[in-house]
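Let me begin by presenting the structure, written as structure tokens, before commenting on it.
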Amino acid sequence: MTSFSIILLIVLLVVGLRLLIIERSHRTIKRTHHHLQALINSIPDLTWVKDKESRFLLVNTQFSRAFGFAKEDIIGKTDFDISVDPEQAQGYYEDDMKTQKQRKTFHTEEQITGSDGTVGWSETIKVPVFDNHNQIVGTAGMARDITKRKHAEQKMVHLAYHDHLTDLPNRISFNQRITKLLNLNNCTVAVILFDLNNFKTINDSLGHTRGDEALVQISKRLKSLVDDNTIVARLSGDEFVIAHNYSKLENSLEKLQVALLQKFEAPVVLKEVNYNISASFGIAVAPQDGRDYETLLKHADLAMAQGKINKNNHCVHFIQKFADELLYKMRLSNQLHYGLEKQEFSLVYQPKIDSNTGALVGGESLLRWKTDNEQWISPADFIPIAEKNGFIIELGNWVIKSVLQQIRYWLDNNIQVVPVSINVSAIQLRQPTFADYLFQQLERYQIPGNLLEIELTEGVLMENIEEMITLLNKIRKKDIVISIDDFGTGYSSLSYLPQLPIDTLKIDRAFISNLHLNLDNQKIVQTIVSLANNFNLAVIAEGVETEEELAETRNCGINNVQGYYFSRPLPVSELENRWLNHTDNRMDS
Ligand code: C2E
Ligand code: CA
Ligand code: CA
């Protein structure tokens, strides 16, 4: 029914009422009243007529049903007599008075508490009733039940501001609420950002349904942290955030942190199996760490990243150093891309020595980067950044090309050539075109495969072992030597070794450092050596710095070593001068 038709009906009613008021014969009045009552009973909305004092003169069946009184018992009463909620009655009364005073139609949406206590919503229209002299004699009204629509609207609003899975406030809602908080004067607000550690593993191994279940369980626990000063929200996936206003509360942030950590103590139970789920937490506090939501969240995120590195299940507080480091990394990330064009990269070579004879048996190529402001950046710093921004592919290809070009130069100039190893990053190896590029460059510079070695870390091999075996077999067919770098630090799952087509284990420096003093490491190294012997693999020790370490590697049965004891990584010219035999005329002159 449109508002227009409602008003039309009300006008009808008013006319009917006036008929009631007009002096007529008793019978006529009675008949008219009868007709009028039948008419308004046919209206599905609550319908009524009141006198000037808001006393009911006429109500329909729907009205009497809603308020739980017989029609006769309502006539002559006011809303105060029949409403369960006196506040609502007061509201109805005031609206009646307003309608009379303004002498025009009044439109509102209001709450009605039914006789059974259920609270509903109605859309109400009230009109003033006039007598023949245009004097107000009362009001007439109609109320339509819009409870369903109201609930649907409320649900829509709720959905817009809450996360569907956990029913926690979502990012939009959090943003609005914390912004409001931050706008208050002298407010100390902590933002705690956290995400679940290794949540991807749960999703990948148990499926997304179980993953969702875990999130719901955790969220339920987190809801118990909510109070007048604490908002908990889910930002995305497994990322949650808490805003805590502790302006006037002593130690409350500390208490909250303890309570928060406790939420992760009990395992999450998925299909009757317990899973321990931990999280990494970062905290930023307004105003000192930022005054707006964006800054606080960014800083909490940086602190959280640090928390992931620390892995000690504590809340890490933001410090400016994190932001400085990030800025430094971002700058490096940008600069990296121009490094190749500007010829800022170079290679150094570290000799590999047969410690029994002192003879050079190979060399490892290592990247060096000197930026345009003459700063040397360590590969330990820039390789991870290049891996992240993808530049490692281009850079890695440059290394392959440069090393082969170098070997070609030595071959062409009758300079001694030993196998040179290159470090290949996981990202690079996983490129489908890796082997093709390698072979293409071998072909281009006409280099026999046995002069090239690639150093890979254990992690990359284990991730997709079947594919890796295929790839390594393909590479080995060209006689390229394959070694596992940093051996002993990664998975070190010895069971995979026999499956892999590899040639050399390169024992990590961590085991070689002070080897002569560390019995545990000696045992580990000896085990690695006998393992290698069993599988026909060569062994090399890296990071040999002292005579004692060298002697101990020999004790453990290692012949080939690399390290500062014999030589640091050297620029080509120095390598040629110090280590490579020249059989051409230059040597003799
Ligand atoms: P890595 O492959 O384990 O390389 C050995 C690192 O140990 C080199 O550091 C080398 O200079 C250093 N080193 C060698 N002997 C000793 C020693 O006796 N004592 C000590 N304290 N250190 C020694 P560098 O050149 O800074 O390289 C660090 C890491 O950067 C490398 O570790 C490797 O993972 C990566 N990297 C270097 N060049 C490349 C490259 O061309 N491609 C890729 N993907 N990674 C590279
Ligand atoms: Ca290496
Ligand atoms: Ca290494």
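Indexing begins at 1, ligand by ligand and atom by atom, following the structure's order.
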Proximity of [X] to ligand 1 by residue part, where a heavy atom lies under 4.0 Å:
| X | answer |
| --- | --- |
| L366 | both |
| P569 | side chain |
| Q350 | side chain |

*Is the NZ or CZ atom of R568 both under 6.0 Å from the centre of the six-membered ring of Y564 and within 45° of that ring's axis?*
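Output yes; distance and angle both within limits.
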As an exercise, identify every atom of ligand 1 less than 4.0 angstrom from a heavy atom of [X].
| X | answer |
| --- | --- |
| E364 | 2 (O), 4 (O) |
| D486 | 3 (O) |
| R509 | 19 (N), 20 (C), 21 (N), 22 (N) |
| G563 | 15 (N), 18 (O) |
| E545 | 17 (C), 18 (O), 19 (N), 20 (C), 21 (N) |

*Can you tell me if K506 has a non-hydrogen atom under 4.0 Å from ligand 1?*
no
_Determine whether any protein heavy atom is located less than 4.0 Å from atom 38 (N) of ligand 1._
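There is a protein heavy atom less than 4.0 Å from atom 38 (N) of ligand 1.
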*Quick one: does R234's side chain have a donor or acceptor within less than 3.5 Å of a partner on G237's backbone?*
yes
*Under 3.5 Å: donor-acceptor pair, side chain of S333, backbone of K329*: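 Answer holds: no.
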*F382 and W369 aromatic ring geometry - parallel, tilted or perpendicular at 30°/60° bounds*: perpendicular
*Metal site the Ca ion (ligand 2), protein N/O/S atoms found under 3.0 Å*: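 With waters ignored, the protein N/O/S count below 3.0 Å is 4.
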_Let's go through N559 and N356 carefully: what are the C-alpha distance in whole Å and the side-chain angles of both, what is the deciding distance for side-chain hydrogen bond (donor to acceptor under 3.5 Å, both in side chains) to 0.1 Å, and is it a yes or a no?_
CA-CA 7 Å; N559 297 324; N356 293 316; 3.0 Å; yes
_With side-chain hydrogen bond (donor to acceptor under 3.5 Å, both in side chains) as the criterion, how do D292 and T295 come out once you've worked through the C-alpha distance, each side chain's angles and the decisive distance to 0.1 Å?_
CA-CA 6 Å; D292 60 278; T295 311; 2.7 Å; yes
